[in-house]
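Step one of this worksheet: look at the structure below.
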Amino acid sequence: AQKVTQAQTEISVVEKEDVTLDCVYETRDTTYYLFWYKQPPSGELVFLIRRNSFDEQNEISGRYSWNFQKSTSSFNFTITASQVVDSAVYFCALRGSNYKLTFGKGTLLTVNP
Amino acid sequence: GAGVSQSPSNKVTEKGKDVELRCDPISGHTALYWYRQRLGQGLEFLIYFQGNSAPDKSGLPSDRFSAERTGESVSTLTIQRTQQEDSAVYLCASSLAPRSPSNEQFFGPGTRLTVL
């Protein structure tokens, strides 16, 4: 069975602070994909990143960066110099050998001006 | 518009009525998924369609839920005899074939269903 745990239910920061959203996963598959999605107040899920299990290189995209560590089964997401527009619910998800995405319960990030 | 579209955006119904939710996937996407998101929760998988293969209905919570898809186009999710616990946002997603390297799912805006 697959499981994704996002232990942080809510995080509140002040603009320009850095913030890290944690994601821990469980799977028995040797090949799998990890995803992060953003859900702003409008409700639509926005795809942010996909990583496969064979690629442990960390990735940076502008103010966003992701730290994939297979040894701890974690795929954490950091936003540098947060902005009010970053306020949203962020979901981590796992796809194993089949096509189903297993989602965590999400972390509500509030960035205050 | 090139994204996944869903209709209606909001639906309020009375307990016991049937509802139909519609999803238009991205053109060329052979895979289509339905998810349910209850308030404050993550997404629960409901059903998956891939081309002309038999759908995976393993996530449907009861026999009151059913879905259809015509070829690789529109899908409808039907909930019969709605109950208050069916209140949720129903999200549709589409993707290229899941085994494709670019297999991320693109989501529609969802239908917010409220059962009174």
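To find a chain, count down the sequence lines: A is the first, B the second, and so on, and within it residues start at 1.
Among A/Asn67, A/Thr20, A/Asn58, the one residue that satisfies the side-chain hydrogen bond (donor to acceptor under 3.5 Å, both in side chains) test with A/Thr78 is A/Thr20.
When heavy atoms are compared at a cutoff of 4.5 Å, A/Leu101 approaches chain B by way of both its backbone and its side chain. When heavy atoms are compared at a cutoff of 4.5 Å, A/Gln39 approaches chain B solely by way of its side chain, counted from C-beta outward.
Listed for the B/Glu72 side chain is no donor-acceptor partner under 3.5 Å among the backbone atoms of B/His29.
For the set B/Gln105, B/Glu44, B/Arg112, B/Gln41, the entry with the most heavy-atom pairs within less than 4.5 Å of chain A is B/Gln105.
Taking the six-membered ring where the residue is Trp, A/Tyr32 and A/Phe68 present perpendicular rings, their angle passing 60° and hence far from 30°. Taking the six-membered ring for Trp and thresholds of 30 and 60 degrees, A/Phe103 and A/Tyr37 have ring planes inclined between 30 and 60 degrees apart.
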